[in-house]
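A quick write-up on the structure given underneath.
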Amino acid sequence: MQNKNNHKILYFLYIAVLFIFFYLPIVVMMVFSFNSSKSLTNMTGFSLRWYERLITDGSIMKAVYVSLTIALFATVISTVLGTITAIGLSKSRKIMKDIIQNINNVPIMNPDIVTAIGLMILFSSVMMAKGYMTMLLAHIAFCTPYVITSVYPKVRQLDPSIADAAMDLGATPYEALVKIIIPLLKDGIYAGILLSFTMSFDDFVISYFVTGNGVENISIVVYNMTKRTNPTINALSTIVILVIALLIILSKLIPAMVKNTVKKIIVVGFILTLGLTIFTGVKSSKNTLRIFNSGEYMDPELITKFEEEYNCSVIYETFDSNESMYTKLMSGSQYDILIISDYMIERLIKEKTLQPVDWSLITHKDDLDPENMGYACDPKNEYSVPYFVGTVGILYDKTKVDEKDLQDGWELLRNEKYAGDIYMYDSERDSFMIALKALGYSMNTTNKKEIDEAYEWLIDQKKNMDVVYAGDDVMDNMIAGNKAIAVVYSGDGAYIMAENEDLGYFDPQEGTNEWYDGMVITKDCADVELAESFMDYMLEYDNVYQNSIFVGYTTPVTKAREDLKNEEFDGINAYMPVFGAPNNEVFRYQDKDIKQYYADLWTKIKAY
């Protein structure tokens, strides 16, 4: 008896540990959705600020609407198509049945990225404008096979003569289908509905490649939010979890007698949603400006204000990297303004994808700091208007790092005194930049001997220093004081320093990546005058000041930058890095061969 009780205790402990493992991260996320600060590790107080921001952020609410409607329509249509196909399969010849089943398995087994690229090429080849409809068609395409897979086993379990018996008793073929066959398949159909809705609502990869014209679902918006610390994600996720929990509870509590009423409500809701979708899909007669920018890199209030001031409509989309932007641009997606980095500006200039800026229409050009003009990627600023600027430097904990060691510059990152206490930025080009600058070379070198030396520098560092390569998660970790040193972009450094007063920032004397992000106009721009008006609008003092506070990066507008340095960023030197230092450079476009050479060495470094 004692052994039996012990077994029960161990079993319950196992279940408890299992549930803690599954649900503790969700509980932590829900708790931090009420945090008063941006920190994801330090609870500073209770606040509803992130829920308030969630409700007032039009881009998030629009994404919720897109996700829900796409999931609803894709579920209904794919369920109908899948069920009909499953029933038809049961009446097909064996060879036809095997062929269709094998074809049906392809999209299920295919990696999402392959399906995404295939659909993107398909829509581009038939000249179909990417947006709501292309996303819906893509979701129907990948949901339908799952419905077929869920319903077909139930069809095979049916007595083949049951439909004939119903028709012998006077039922029409339609009545036999609706009143006899479908009710017997309901378990498989319900499973298909749940799979379709869940996969559609949750999809990111396929949606990201087939959408356009400002249509983004929750997954895309959340992914772009992760470029910066944004607790609004926690608030959104908490609401989603609570809604799911409520639906599960209601499904158990609602008695069978009200099921018909619920069905009617669902049907009415579906019709209203369809009508609203069609209504909102009607194009506005206003002039439209299409902007493509990095995620969390512009205050959305400025876009609303611009629309009101210029009586136009702005389609605003975001990307996670310059490379993914390039992929979408080359796939046929059309934009008027791109906000991109130095080396990508140079690449698009060489590929004749951009058109020159008419500087006579940029009335605030004299407000720009000359130090932030004329970078090598666009020496005459013929094609680009400065947006944000900054450097890559070293963030350090003043309570752990000896000030004398800062004189070592980039070699500080190989000082064994700080082994195991360093974050390197998880970026191929920036990591090689550090090694090349430490060795006295240009960060844009194409000399393979110099590149090999930089590779050995990085390998030696990883072997002896036990460094951690981190992305944007370095921000919260440095705020929490988890390590003494980190390589960061100056704007991120300014944000981190604002949250932790023990941190300092410096640019090594050997030189660094002085990066430059600019606004450019594409060759396919439909309204050049409106695009240049937007560029000028983004250089106005009030707008620059507001945008810089929201993003946290350094503006090239001199007066606004000085005021921000003395007010919002007082005492935070990362907001004002050293521009124009003799050894600073901007990244240049790499040709295919040298880019591949760097990439191969980077793979070896990460795998070491």
Side-chain angles (χ1 to χ4, degrees), residues 59 62-63 66-67 69-71 73-75 77-78 81 103-146 196 199-227 277 281 283 288 290-295 315-340 344 347-348 351-354 520 522-526 592 595 599:
S59 63
K62 181 181 177 183
V66 169
S67 289
T69 54
I70 289 285
F73 296 148
T75 298
I77 296 171
S78 62
L81 291 176
I103 293 173
N104 186 66
N105 289 334
V106 171
I108 295 176
M109 300 177 66
N110 241 1
D112 282 352
I113 187 65
V114 175
T115 303
I117 296 296
L119 288 168
M120 180 183 70
I121 294 172
L122 172 64
F123 293 137
S124 296
S125 62
V126 298
M127 305 298 288
M128 189 171 184
K130 296 184 183 67
Y132 191 94
M133 187 53 65
T134 53
M135 188 187 290
L136 176 58
L137 291 174
H139 281 230
I140 292 170
F142 73 72
C143 286
T144 301
Y146 288 92
S196 297
M199 293 191 63
S200 176
F201 190 81
D202 187 54
D203 178 71
F204 164 71
V205 175
I206 295 175
S207 300
Y208 188 82
F209 282 93
V210 302
T211 190
N213 289 315
V215 178
E216 296 179 327
N217 60 11
I218 292 176
S219 298
I220 295 174
V221 170
V222 168
Y223 180 71
N224 288 326
M225 278 182 177
T226 58
K227 293 295 290 179
T277 302
K283 293 188 178 294
T288 301
R290 300 162 298 179
I291 302 173
F292 206 18
N293 190 12
S294 182
I315 296 174
Y316 183 74
E317 290 186 53
T318 56
F319 55 83
D320 68 305
S321 68
N322 286 277
E323 285 68 30
S324 64
M325 177 284 306
Y326 183 81
T327 300
K328 291 202 73 173
L329 190 66
M330 293 300 105
S331 73
S333 297
Q334 294 185 332
Y335 303 98
D336 299 315
I337 291 178
L338 307 174
I339 301 177
I340 52 179
M344 188 56 69
R347 178 174 188 173
L348 295 184
E351 294 178 358
K352 302 186 185 305
T353 307
L354 307 179
V520 298
T522 65
K523 196 173 182 179
D524 298 326
C525 179
K592 184 178 179 181
K595 183 176 177 64

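All residue numbers in this chain count up from 1 along the given sequence.
Ile113 approaches Phe209 most closely through the heavy-atom pair CD1-CE1, 3.5 Å. Across all non-hydrogen atoms, the minimal contact from Met120 to Val210 is N-CG1, 4.2 Å. For the pair Leu338 and Met325, the tightest heavy-atom approach, listed with the atom from each and the gap, is CD1-SD, 4.1 Å. For Asp336 against Asp524, the heavy-atom pair with the smallest separation is OD1-O, 4.3 Å. When all heavy atoms of Tyr316 and Asn293 are compared, the pair lying nearest together is OH-ND2, 3.0 Å.
Among residues two or more places apart in sequence or in another chain, the side-chain hydrogen bond (donor to acceptor under 3.5 Å, both in side chains) test is passed with Thr318 by Glu216, Asn224. Shown here are the side-chain hydrogen bond (donor to acceptor under 3.5 Å, both in side chains) partners of Ser124, two or more places apart in sequence or in another chain: Lys130.
By the 4.5 Å heavy-atom criterion applied to side chains, Asn217 and Phe201 are not counted as neighbours. Contact annotation: the side chain of Arg290 never approaches that of Thr522 to less than 4.5 Å [non-hydrogen atoms, C-beta and beyond]. With a 4.5 Å cut-off on side-chain heavy atoms, Val215 and Ile70 do not count as touching.
Between the side chain of Thr211 and the backbone N or O of Tyr208, no donor-acceptor pair lies under 3.5 Å.
Taken from OG1 in Thr327 to CG in Asn322, the straight-line distance is 11.0 Å, to the nearest 0.5 Å. A distance of 10.0 Å separates CE in Met133 from CZ in Phe123, rounded to the nearest 0.5 Å. The CE atom of Met199 lies 11.0 Å from the OG1 atom of Thr75; values are rounded to the nearest 0.5 Å. Atom CD1 of Ile315 sits about 12.5 Å away from atom CD1 of Ile337, to the nearest 0.5 Å. Summarising the geometry, atom OG1 belonging to Thr115 is positioned 12.0 Å from atom CG belonging to Leu122; distances are rounded to the nearest 0.5 Å. Atom-to-atom distance recorded for Arg347:CZ and Glu323:CD is 8.0 Å, nearest 0.5 angstrom.
The aromatic rings of Phe319 and Phe292 stand perpendicular to each other, their planes meeting at an angle above 60°, with 30° marking the opposite boundary.
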Taking only distance into account, with no hydrogens and no angle test, what donor-acceptor pairs under 3.5 Å do side-chain atoms of residues 137-144 form with protein atoms, sequence neighbours excluded?
unit_1: His139; atom_1: ND1; unit_2: Ser200; atom_2: OG; d: 2.7
unit_1: His139; atom_1: NE2; unit_2: Ser207; atom_2: OG; d: 2.8
unit_1: Thr144; atom_1: OG1; unit_2: Ile140; atom_2: O; d: 2.7

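The residue from Ile108, Val106, Leu81, Ile103 that alone fulfils the side-chain contact (heavy atoms from CB on, under 4.5 Å) condition with Pro145 is Ile108.
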